[in-house]
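Here is the structure we will look at, set down as structure tokens.
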Amino acid sequence: MEGDNQYKVIIVGAGPSGLAMAACLNFLSIPNVILEREDCFAPLWQKKTYDRLKLHLAKPFCELPHMPFPKSYPTFVPKNQFVQYLDDYVNHFGITPRYNRFVELANYVEETKKWNINARNINSEEVEEYSCDFLVVASGETSDSFIPNVEGLETFTGEVIHTTQYKYGGRFEGKNVLVVGSGNSGMEIALDLSNYGAKTSIAIRSETHLLSRTIVNLGLYLMKYISVYWVDSIMTMLSKLKYGRDLTKYGIKRPQEGPFFLKVKYGKYPVIDVGTVEKIKSGEIQVLPRMVDIKADEVSFNNGKSYSFDVIVFATGFKRSTNKWLKVN
């Protein structure tokens with residue numbers, strides 16, 4: 001193994017977390033390198049997000065270590081400005097990821113007390129060997145896009161895309177579009193489609209909390225001072241005041257557990273509403289239950305009804321890739 005492939009720390013993933021870790025290590029003069037499978041930093045932000053995206057949390061909750069956002073940035077930072085901030089961050093801290101490195105194996109060797117890592121150079125197809133004392137997994141929750149196996153999906157005669165392929169709703173004007181999934185991406189993409197004149201439906205099968213940006217940022221502030229139980233009680237009360245106590249007639253049901261409790265225990269995020277609920281209440285966005293199967297352009301749901309669609313957008317999230325390459329004895 002070549003000497004220049006031995007490091008104190010190797011970081012897998014050049015997203016915001018990986019960049020933050022590298023900056024902190026560089027700040028302390030600890031040798032490190034980031035291995036990133038794409039050809040740029042923060043590839044999810046640069047390549048796989050929709051145009052209208054802004055940070056859902058206020059900028060003080062999203063800035064990276066040792067470098068605040070510029071004062072000129074708005075409270076909720078748009079995607080393009082966030083990418084510019086990350087670019088400035090990379091340059092400021094001298095972060096030089098090795099791009100196009102697909103980690104295939106990371107194995108801890110007890111005898112040497114080191115991690116041995118095999119990474120395929122996507123450009124040359126050669127497998128490079130690395131060694132380090134400490135391995136940082138920063139490949140995140142959003143590694144590989146996920147579309148569920150829906151009976152008959154292969155027969156659908158329209159267009160099928162994942163949210164990572166969606167940019168803006170302009171090209172869907174006048175089309176019948178079904179958004180499958182009611183997380184933050186699904187709800188905001190449904191809003192975007194409706195704003196651009198698509199006949200929009202969203203399939204909501206899970207219970208979900210609805211919070212505004214103001215409410216969720218208040219909750220994050222209160223978390224510094226009071227328990228999760230009381231924060232959740234306040235968040236739920238404010239949500240009911242804003243959106244209504246009972247939303248079941250609109251196809252939306254709140255969980256029994258609080259929004260911050262669900263995030264801490266299960267990693268389930270609340271929906272930070274940016275206008276979708278108003279469109280659901282007005283009937284501009286149709287809410288449908290769980291999808292059952294597909295036949296040509298007809299999609300059936302578990303309420304016994306079926307509808308015709310031109311496009312299906314799967315807002316069904318991601319699968320972690322860590323289990324494919326990280327080997328821990």
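Reckoned from all heavy atoms, side chains included, excluding hydrogens, waters and symmetry mates.
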Remaining members of V264's ILVMFWY cluster at a side-chain heavy-atom cut-off under 4.5 Å? none

Take F27 and H92 through the test ring pair (Phe, Tyr, Trp, His ring centres under 6.0 Å) and record every step on the way to the result. CA-CA 11 Å; F27 189 75; H92 180 76; 9.4 Å; no

Measuring only between side-chain heavy atoms, which start at C-beta, is T276 closer than 4.5 Å to I202? no

Salt bridge (charged side-chain N to carboxylate O under 4.0 Å, His left out) between K8 and D133, intermediate numbers included: CA-CA 5 Å; K8 191 71 175 176; D133 296 320; 3.3 Å; yes

Salt-bridge criterion met for E257 and K268 (N-O under 4.0 Å): no

After noting the C-alpha distance and the side-chain angles of Y168 and F172, does the key distance pass the ring pair (Phe, Tyr, Trp, His ring centres under 6.0 Å) rule? CA-CA 9 Å; Y168 81 109; F172 302 105; 8.3 Å; no

Quick one: does V177's side chain get under 4.5 Å of D310's, heavy atoms only? no

Could you check whether K324 pairs with D144 (Lys NZ or Arg NE/NH1/NH2 to Asp/Glu carboxylate O, under 4.0 Å)? yes

Between G258 and H209 the two heavy atoms that sit nearest each other are C-NE2, 3.5 Å

Show the nearest heavy-atom pair for residues K54 and P78, with the distance to one decimal. CG-CA, 3.8 Å

Side-chain (N118) to main-chain (E104) donor-acceptor, under 3.5 angstrom: no

Between T163 and V313, is any pair of side-chain heavy atoms under 4.5 Å apart? yes

Taking side chain as C-beta onward, heavy atoms only, is L53 less than 4.5 Å from W45? yes

In terms of ring plane angle, is the pair H66 and F93 parallel, tilted or perpendicular, where the classes change at 30° and 60°? tilted

With a 4.0 Å cut-off, would you call D232 and R254 a salt bridge? no

T316 side-chain N/O to F146 backbone N/O, donor-acceptor pair under 3.5 Å: yes

Let's go through T157 and D297 carefully: what are the C-alpha distance in whole Å and the side-chain angles of both, what is the deciding distance for side-chain hydrogen bond (donor to acceptor under 3.5 Å, both in side chains) to 0.1 Å, and is it a yes or a no? CA-CA 5 Å; T157 54; D297 66 344; 5.0 Å; no

If you group Ile, Leu, Val, Met, Phe, Trp and Tyr whenever their side-chain heavy atoms sit less than 4.5 Å apart, what else falls in with Y269? none

Step by step, work out the side-chain hydrogen bond (donor to acceptor under 3.5 Å, both in side chains) result for Q84 and D88. CA-CA 6 Å; Q84 182 60 57; D88 294 340; 2.9 Å; yes

Any non-hydrogen side-chain atom of F69 less than 4.5 Å from a side-chain atom of F82? yes

Can you list the other members of the hydrophobic cluster that holds L153, where links are side-chain heavy atoms under 4.5 angstrom apart? I147, V150, F156, V160, L178, V180, L288, M291, I294, V299, F301, Y307, F309, I312, F314

Do the non-hydrogen side-chain atoms of V231 and Y225 ever get within less than 4.5 Å of each other? no

Got Y229 and F261 here, is their nearest side-chain heavy-atom distance under 4.5 Å? no

Could you tell me whether the side chain of Y166 reaches within less than 4.5 Å of the side chain of D192, counting heavy atoms only? yes

